[in-house]
Amino acid sequence: MATKKPKTIGRLLIIGGAEDPDEDDMKVLPHFVKMCGGKRARIIVCGSPSVEPAKKERTYKRLFEKLGAGEVIDANVFERPDGDNKELLAATKRATGVFFTGGDQLRLTALVAGTQFGECVRHRLWNEGLVVGGTSAGAAAMSSTMMIGGRKEGTVRRADVDLAPGLGYLRDCTIDTHFAQRGRLTRLLTVFSDNPQVLGIGIDENTAVEVQPGKGFTVVGSGAVFVFDGKVTHSNAPDVSDDEVLAVTDVIVHVLPEGYGFDLDEMRPITNKGKKIPKRSPG
C-alpha cells in the first residue's frame with residue numbers, strides 16, 4: 001500500500017500596497033519570488049481585483065521575470081467561468097506561487113471564490129506548500145473577515161466600516177492595508193470592538209508579512225505592521241446601534257518593523273533577534 005503523502009502547509013506574503021516604488025531598490029517582490037523558488041519559481045499572476053486585469057497581469061509578469069522567476073503565467077480570470085479553465089487549473093496544480101494584484105477585493109472574491117481555480121489555490125495552500133501573495137485588495141481578501149471600505153471621516157462606529165467574507169487563508173484575522181498612510185486606525189478598532197477574538201493586522205505601504213498560517217509571521221519592508229490584540233475588559237458593542245460610538249478597553253497595539261514577528265499560537269510579538277516578548281506581569 002502506498003504511503004499517504006503528509007500535508008505541507010504553505011505560506012502567505014500579505015503586502016500593504018504600493019510595494020517597491022523604486023525598481024532599483026526592490027525588497028518585497030524579490031522576497032516573494034524567493035519564497036516561490038527563485039529561478040525555479042512558477043508564478044500565476046491573478047489580476048481579477050483590477051478593472052484592468054490584463055494590464056495588471058502584464059505589469060507583474062514583467063516585474064517577476066525581471067526578478068528571475070522561472071515561469072510567470074497570466075490567470076486571465078475576467079469572468080467567473082474563466083476560473084474553471086482547464087489550462088489554468090493545470091497550471092495552478094504545478095505552480096509554486098500565486099499572486100493577487102490590487103484593485104477591489106470584492107471583485108476578487110466574486111470572480112475567484114468557489115471556482116476550480118480558487119479551490120485549487122486553497123487546497124494547495126493548506127496541503128501542498130503553495131505560496132500565495134497579494135497586495136492591497138489582494139492582501140485584504142486573504143483574511144476570514146474582509147475589510148472592503150470605510151468612511152475617511154469615520155470613527156469607531158459600525159456604520160463607518162464595511163465588511164464581507166474573505167478568502168479565509170488567514171483565519172480569525174482582519175487585514176487592513178495602506179494603514180498609516182491612509183489613517184485607518186479606527187477601521188480595525190471597530191472590527192476589534194465587535195469581536196475581540198479576531199486579530200486585527202494593519203500593514204503599511206511597501207511592507208508585508210510573511211505568514212505560515214496557524215504559526216506566525218515576520219515583517220518585511222520599509223514600514224510598520226500594527227497588531228491589535230488584548231484581553232478586552234469592556235465593550236458596549238452589544239448595546240449600541242450602528243451609528244453610535246463603540247467603547248472598548250484594554251486593547252493592546254503592537255507596532256512591528258522589519259525583522260520583527262508575531263507568534264499566532266501564543267499571541268506574542270517576537271523581536272528581530274528571534275526573542276519572544278513575554279507577557280507583562282499583573283500589577
Side-chain angles (χ1 to χ4, degrees), residues 10-19 28-29 32 35-36 43-61 63-64 72-85 88-89 91-92 95 97-126 130-150 161-179 182 184 187-188 191 198 201-203 205 207-209 211 213:
R11 290 173 293 162
L12 305 170
L13 190 70
I14 307 175
I15 307 169
E19 71 280 358
V28 175
L29 292 180
F32 178 70
M35 288 172 65
C36 295
I43 300 171
I44 294 176
V45 178
C46 179
S48 297
S50 174
V51 294
E52 297 182 300
K55 181 179 179 181
K56 283 281 189 181
E57 289 176 356
R58 288 195 300 271
T59 297
Y60 280 96
K61 181 175 183 178
L63 286 170
F64 290 143
V72 185
I73 302 164
D74 298 338
N76 293 325
V77 179
F78 307 145
E79 298 179 359
R80 277 193 66 83
D82 298 332
D84 297 326
N85 180 281
L88 173 60
L89 190 60
T92 307
V98 173
F99 188 85
F100 296 112
T101 72
D104 182 340
Q105 46 268 52
L106 273 179
R107 283 183 57 84
L108 175 56
T109 55
L111 290 172
V112 168
T115 65
Q116 291 185 57
F117 169 60
E119 290 304 301
C120 185
V121 172
R122 177 188 296 274
H123 172 79
R124 296 203 60 227
L125 169 66
W126 288 104
L130 182 70
V131 175
V132 180
T135 183
S136 192
M142 292 192 191
S143 53
S144 48
T145 302
M146 180 173 68
M147 188 79 69
I148 61 172
V161 174
D162 298 318
L163 302 169
L167 296 171
Y169 298 156
L170 191 57
R171 297 168 182 171
D172 295 324
C173 290
T174 297
I175 298 161
D176 209 352
T177 57
H178 306 278
F179 196 69
R182 299 187 185 178
R184 290 179 165 175
R187 297 195 345 171
L188 274 185
V191 178
V198 173
I201 304 174
I203 308 174
E205 294 179 352
T207 308
V209 290
V211 189

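To the nearest 0.5 Å, the span separating CD1 on Ile14 from OG on Ser136 amounts to 13.0 Å. One finds the CD atom of Gln105 at 13.5 Å from the OG atom of Ser48 (value rounded to the nearest 0.5 Å). Atom CZ of Arg184 and atom CG of Asp176 lie 5.0 Å apart (nearest 0.5 Å). In this structure, CG on Asp74 lies 8.5 Å from CZ on Arg58, to the nearest 0.5 angstrom. Here Ile73 contributes atom CD1 and Leu88 contributes atom CG; the two are 8.5 Å apart, rounded to the nearest 0.5 Å. Separating the CZ atom in Phe99 from the CZ atom in Phe32 is a distance of 6.5 Å, to the nearest 0.5 Å.
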Next on the checklist: For Val132 and Arg124: C-alpha separation, side-chain torsions, deciding distance, then whether side-chain contact (heavy atoms from CB on, under 4.5 Å) applies.
Outcome noted: CA-CA 10 Å; Val132 180; Arg124 296 203 60 227; over 6 Å; no

Checklist entry - Hey, mind stepping through Leu12 and Leu125 against side-chain contact (heavy atoms from CB on, under 4.5 Å) and telling me if it holds? => result CA-CA 9 Å; Leu12 305 170; Leu125 169 66; 3.9 Å; yes

Item to check | Stepwise side-chain contact (heavy atoms from CB on, under 4.5 Å) check, Tyr60 with Val72 | outcome: CA-CA 9 Å; Tyr60 280 96; Val72 185; over 6 Å; no

Checklist entry - How far apart are the C-alpha atoms of Met147 and Leu163, what are their side-chain angles, what is the distance that settles it, and do they pass the side-chain contact (heavy atoms from CB on, under 4.5 Å) test? => result CA-CA 5 Å; Met147 188 79 69; Leu163 302 169; 3.9 Å; yes

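The closest side-chain heavy-atom distance from Asn85 to Asn76 is not below 4.5 Å. At a threshold of 4.5 Å between non-hydrogen side-chain atoms, the residues Val131 and Leu13 do not count as touching. In this structure, Leu170 and Val211 have side chains that are in contact, with non-hydrogen atoms separated by less than 4.5 Å. Looking at heavy atoms from C-beta onward, Thr59 lies out of side-chain contact with Val45 at the 4.5 angstrom threshold. Residues Thr109 and Pro165 are not in side-chain contact: their nearest non-hydrogen atoms beyond the backbone lie 4.5 Å or more apart. Two residues are said to be in side-chain contact when any heavy atoms from C-beta on lie closer than 4.5 Å; Phe179 and Thr207 fail this criterion.
Of all the heavy atoms in Ala75 and Ile44, the pair that sits closest is CB-CG2, 3.9 Å. Across Gly102 and Pro49, no two heavy atoms sit closer than the pair O-CB, 3.5 Å. Taking all atoms of both residues into account, the shortest heavy-atom contact from Thr115 to Leu111 is CG2-O, 3.4 Å. Looking at every heavy atom in both residues, Cys36 comes nearest to Gly97 through SG-CA, 3.7 Å. Here the shortest heavy-atom pairing between Cys173 and Ile201 reads SG-CD1, 4.2 Å. Phe78 and Pro53 get closest at one heavy-atom pair: CD2-CG, 3.4 Å.
Ring pair Tyr169/Phe100 is parallel by interplanar angle, where below 30° counts as parallel and above 60° as perpendicular.
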